[in-house]
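As structure tokens, the structure follows; a few thoughts come after it.
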Amino acid sequence: MDGTNEQQKRKSGPVGSPGPDFFQRVWDVVAEIPVGKVTTYGHIAAHLGARSAARTVGWALKAAAGSGLPCHRVVNRFGALTGRRHFEGPFVMEERLRSEGVTFTDDGCVDLHRHLWVPDAAHKDET
DNA sequence: CTCCTGACATACA
DNA sequence: ATGTATGCCAGGA
């Protein structure tokens with residue numbers, strides 16, 4: 001049988017809630033991103049146990065846009081500000097990161113080599 | 001109720 | 001190496 005629309009069955013499913021809302025979990029991680037640092041959707045998703053759910057992470061950020069969450073510190077694995085269009089303006093995201101000390105490359109991407117932050121590292125080194 | 005899209009990423013052909 | 005297809009979770013038409 002085809003499994004193309006198998007995902008839709010989740011909606012019709014009775015409960016099967018894995019626990020707290022996936023969104024809430026994403027917001028919790030993003031809220032812990034230190035200033036001057038950035039993380040990627042994949043790292044957040046992987047930290048939540050769903051490395052392939054990177055798309056859903058982006059959705060959570062869109063839902064959190066304007067909720068006071070530093071969603072501007074979350075970029076894709078290339079360091080590109082793919083979500084800048086969901087901000088107050090197309091340049092707000094970059095300006096904010098620059099304001100926090102984040103540097104960019106000539107491609108307009110965040111310098112992940114200097115500002116890449118991983119959620120798992122925060123749990124291990126927690127004073 | 002069903003199908004598609006979406007701020008991504010990985011696997012396979 | 002490039003392109004296509006799928007997976008994940010949630011929401012909108």
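First the proteins, then the strands, lettered A, B, ... as listed; each starts at 1. Being a predicted model, the structure only gives us computed values, none of them experimental.
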Show me the dot-bracket string of DNA chain B, counting Watson-Crick or G-U pairs under 3.5 Å, with | for pairs to another strand and [ ] for crossing ones.
.|||||.||||||
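One interatomic measurement links the two molecules: CD of A:Q24 to C1' of C:dC9, which rounds to 15 Å at whole-angstrom precision. The CH2 atom of A:W59 sits 20 Å away from the P atom of C:dG7 (whole-angstrom rounding). Distance CG (A:L48) to P (B:dA9): 14 Å, rounded to an integer number of Å. Taking atom CZ of A:R96 as the reference point, atom C1' of B:dA7 lies 15 Å away to the nearest angstrom. Between the NE2 atom of A:H86 and the C1' atom of B:dG6 there is a distance of 8 Å, given to the nearest Å. A:L61 places its CG atom 13 Å from the C1' atom of C:dA10, with the value rounded to the nearest Å. The CG atom of A:L112 sits 10 Å away from the P atom of B:dA9 (whole-angstrom rounding). One atom, NZ of A:K62, and another, C1' of B:dT5, lie 10 Å apart when rounded to the nearest Å.
Among the atoms of the strands shown, only primed sugar atoms or phosphate atoms (P, OP1, OP2) are found under 4.0 Å from some heavy atom of A:R85.
Closest contact between the side chain of A:R51 and the listed nucleotides B:dA11, C:dC8, B:dC8 involves B:dA11. When each of C:dC8, B:dA7, B:dT10 is scored by its nearest atom to the side-chain atoms of A:A53, the top-ranked nucleotide is C:dC8. In this structure, of C:dA10, B:dA7, B:dA9, it is B:dA7 that holds the atom nearest to the side chain of A:M93.
Each of A:V102, A:T39, A:L97, A:V110 was evaluated against A:R73; a single residue qualifies, A:L97, per the side-chain contact (heavy atoms from CB on, under 4.5 Å) test.
Comparing the C1' positions of B:dC4 and C:dT6 gives an interatomic distance of 15 Å, to the nearest angstrom. On the P atoms, B:dT5 is 14 Å away from C:dA5, given to the nearest whole Å. To the nearest whole angstrom, the two P atoms, one in C:dA1 and one in B:dC8, are 24 Å apart.
Between A:W59 and A:F23, some side-chain heavy-atom pair lies under the 4.5 Å cut-off. Using a 4.5 Å heavy-atom threshold, the side chains of A:L116 and A:K37 count as separate. Using a 4.5 Å heavy-atom threshold, the side chains of A:H43 and A:T40 count as touching. In this structure, A:V74 and A:I33 have side chains that are in contact, with non-hydrogen atoms separated by less than 4.5 Å. Using a 4.5 Å heavy-atom threshold, the side chains of A:V75 and A:L112 count as touching.
Place A:F23 and A:R55 on DNA chain C by their nearest nucleotides, and A:R55 ends up nearer the 5' end.
Taking a cutoff of 4.0 Å between a charged side-chain nitrogen and a carboxylate oxygen, A:R96 and A:E100 do not qualify as a salt bridge.
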